[in-house]
Amino acid sequence: MQITAKSLAGFAIVVFILVVSPYLTDESNLFVLMDVLIAILFATSYNLVLGGAGLLSFGHAAYFGLGAYTVALLQAHLGLPMLVGIALSPIVAGVFALLVALLTVRLSGMYFAMLTLAFAQLIYTVIAEWYSFTGGDNGIPITVPDYFFVTAHYFYLTLGIVVGGVLLLWLIGNSPFGAALHAIRENPQRASFVGLNVKLYQVAAFTISGALSGVAGALSGSLHQMAFPSMLYWTESAQPVLMALAGGIHAFFGPAVGAAIFTVLNFFVASYAGYPLLVFGVVVLVLVMALPEGVVGTFRRWLIRRRDAGSRAAPASRDARP
Amino acid sequence: MSGLPITRRTMALATSAAIATALASAPGKALAEGAPIKIGLTTDLTGIAATYAAAQVNAVKLAIEEINAAGGIKGRKLELLVRDSQLKPALGASLTRDLIVREKIDYLIGPDASSVGVAVSGVAKQYKKVVVMTIPNTPRLVGELFHKYFFTIVPSGTMLARAMAEGIGKTNNSIAFIGGDYEASHQAIQYFGEWLTKVNPKAKITAQQWPKLGEPDFTPYITQLISAKPDIVFSYLWGADLIAFIKQAKPYGLFDKTKFATLLFLDDLKALGDDMPDGIIGQMYAPPFGTNSPAMAEFIKKYQAKFNSFPSDWAVMGYDGMRILADGIRNAASMESDAVAEAIEKLKFDGLQGPLTFRAVDHQGNVPSFLGTTGKVAGLPFKGLVDIQRIPAESVWPTPEEILAQRKDK
């Protein structure tokens, strides 16, 4: 895989639209966009583990929440400003992800999923119960500097960090490291015969993924000016899994599209419709039944099929273009 | 791999499409003179506290209907916008912020769960919107999270725990505690214990049980409470937990072996029906049968006629909360948040439970709480409280010095 002009152009167009969006739309939509951007970083970094390494982690909400708590606790106990907290969030979340990964990658499949879930619940319980340190289950406030109270300022901070994080993940996915991960995903046994240290690669992927999930959580906590234990609860761990599956785990931007769909849908359903969980259940059901490869995976397959059909009918047309 | 470039481009298109959808939705509408005054209500219509939220929404609607029927406020009608925060604080913050910046609501009325209350209060502070809370009651709201646009007419966790200590502490020397393992219960036993040393230094909390919220099997807790042989059990269970506990404790004879005092919501009395044992000491926030007045009788009648159900504590507080907000808007010199907050602070409100004012230090309304014994009440289709004792706010609320000390600690 290589960086092509077309893909770069596409990415640049999206980023450009986002950069000018504060001038195109009002404040309320910027808030929805920020939620979307944060979900994109969370889902894309999650997919380094699921689509990248082929490991089903069911505890990523823990790293997301740890990111938010990094900001809140550094502020509450050491008086460090929000930006320092956001900068340190990948380290804190990454260290926890590393520890969990070291203990879990020896397992596979369902056992790996259950153990990541168990560790996530452990972290959740500590945060929810340690009243004197974390403020317990009603959360702990994050004070945002006045400069970032201006919505556009916080939007650009979010945009910059999310674009940086997604680019980083894209580079990782397209590096030899990413290729080795794919080899491991497809056939761990053969990969180890080739000489790859399978566990080491999996631990590394899990740690990077956890660290960047922590950044997403730090941005989310700062946006809502609060870190809550429910951010780490196991039901939240389903979010990136659903987003990645809905968008398609084998396309790099699949989870991002899934994240956008879910966040916007969740927002409007919660705002304007009754029975949000019912609507959600139906959407997930339809996606799983009708689009097993996710929105992006299915769309890509359709495009390839159409192009192949087209090129068979007029094989010279592509070369004939000026 | 030649398919990938196309994929990336289409990816980009798909992403832009999703973003465009988000951008395309309704632009903000300017507030015109004579346009309705918009009230925003974010509450948990989904989840374990949904019944409370539903009663709150009903009561607020009823109050708004009456105000509009009487000509509105300053010639303008009231309009209510409701959002479902699903017990998720972050979603509550998002939806409340959206109500403010997209729907341009003018004032807020309180959410449901305390965790969402904390989030909503933060947003109200940032956008300088008056918010009247009618269900959340964590002491942090009036403590370190307090701001001048915040008002509450719910007896705080501190007030309730102290009222319970007043009610059961004097006559019982060994007290066992059971409460769901979450912040409110931990605070309850802490404040209860502190007040207990004042009212009865001899009294001891001899056992503490912390089942998780939503615990299906209380058997081990019940047997341990019985074997602790306390004079009384103080329970901070509520909702489904309390209902399950009572149903499971009955066959063990817990209620014959020891006295039992619990936090009690009208919804739980309704749900338990005749399964509710007589003689349990219940502590309630704002039960309609706790106040005997023509205004309350009238409210019960109207609420039942409209919603075909008996109003709960949450309905009483929702109705009063909305009328307090309306009176504040009416009395204020302008529609600005500062003017309305000032007007509410000065308000002498004639509520369903009697006169109500707010004190300056924490904007806590001087609302009573109630202790009584479960039993048959005339005219109620389920059990209620008899021998009701009304505990005035002034006897149990934290002094201004305590509130200020609490804020300084944080």
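Quick note: numbers below take in every heavy atom, side chains included, and nothing from hydrogens, waters or symmetry partners. Quantities reported herein were computed from a predicted structural model and do not represent experimental measurements. Lettering follows sequence order; numbering is per chain, from 1.
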task: Tell me, for B:L145 versus chain A, whether the close heavy atoms (under 4.5 Å) come from the side chain, the backbone, both or neither.
output: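 Just its side chain gets close to chain A.
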- prompt: Side chain, backbone, both or neither: which part of B:V82 has a non-hydrogen atom closer than 4.5 Å to chain A?
  reply: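 Only the backbone of B:V82 comes within 4.5 Å of chain A.
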query: Does CH2 in A:W234 sit with more than 12 non-hydrogen atoms of other residues, nucleotides or ligands closer than 6.0 Å?
result: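 Not more than 12 within 6.0 Å, no.
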message: Does A:F16, at its CZ atom, have more than 12 non-hydrogen atoms belonging to other residues, nucleotides or ligands within less than 6.0 Å?
response: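 At most 12 heavy atoms, drawn from other residues, nucleotides or ligands, come within 6.0 Å of this atom.
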Donor-acceptor list for residues 88-96 of chain B side chains, cut-off 3.5 Å, not counting sequence neighbours:
{"residue": "B:K88", "atom": "NZ", "partner": "B:Q86", "partner atom": "OE1", "Å": "3.4"}
{"residue": "B:S94", "atom": "OG", "partner": "A:D35", "partner atom": "OD2", "Å": "3.2"}
{"residue": "B:S94", "atom": "OG", "partner": "B:A90", "partner atom": "O", "Å": "3.4"}
{"residue": "B:T96", "atom": "OG1", "partner": "B:T42", "partner atom": "OG1", "Å": "2.9"}
{"residue": "B:T96", "atom": "OG1", "partner": "B:G92", "partner atom": "O", "Å": "2.6"}

message: Counting heavy-atom pairs closer than 4.5 Å to chain B, which one of A:M226, A:Q225, A:M231 comes out on top?
response: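 Option with the top pair count is A:Q225.
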Contact winner vs chain B - A:Y131, A:F149, A:Y233, heavy-atom pairs under 4.5 Å: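 The answer is A:Y131.
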- request: Check step by step if side-chain contact (heavy atoms from CB on, under 4.5 Å) holds for A:E129 and B:D181.
  value: CA-CA 8 Å; A:E129 304 267 328; B:D181 194 0; 3.2 Å; yes
message: Nearest 0.5 Å, please: how far is CZ in B:R97 from OG in A:S28?
response: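 Rounded to the nearest 0.5 Å, the OG-CZ separation comes out at 11.0 Å.
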- prompt: For A:E27, which residues count as a side chain to side chain contact (heavy atoms under 4.5 Å, CB included) partner, sequence neighbours excluded?
  reply: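 By the side chain to side chain contact (heavy atoms under 4.5 Å, CB included) rule, A:E27 matches A:F31, A:T151, B:V101, B:Y127.
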Chi angles and distances behind the side-chain contact (heavy atoms from CB on, under 4.5 Å) call for A:V32, B:R102: CA-CA 11 Å; A:V32 181; B:R102 186 192 305 274; 3.5 Å; yes
- prompt: Considering all heavy atoms of both residues, which atom of B:R140 and which atom of A:I140 are nearest to each other, and what is their separation?
  reply: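 Heavy atoms only, the tightest pair is NH2-CA, 4.2 Å.
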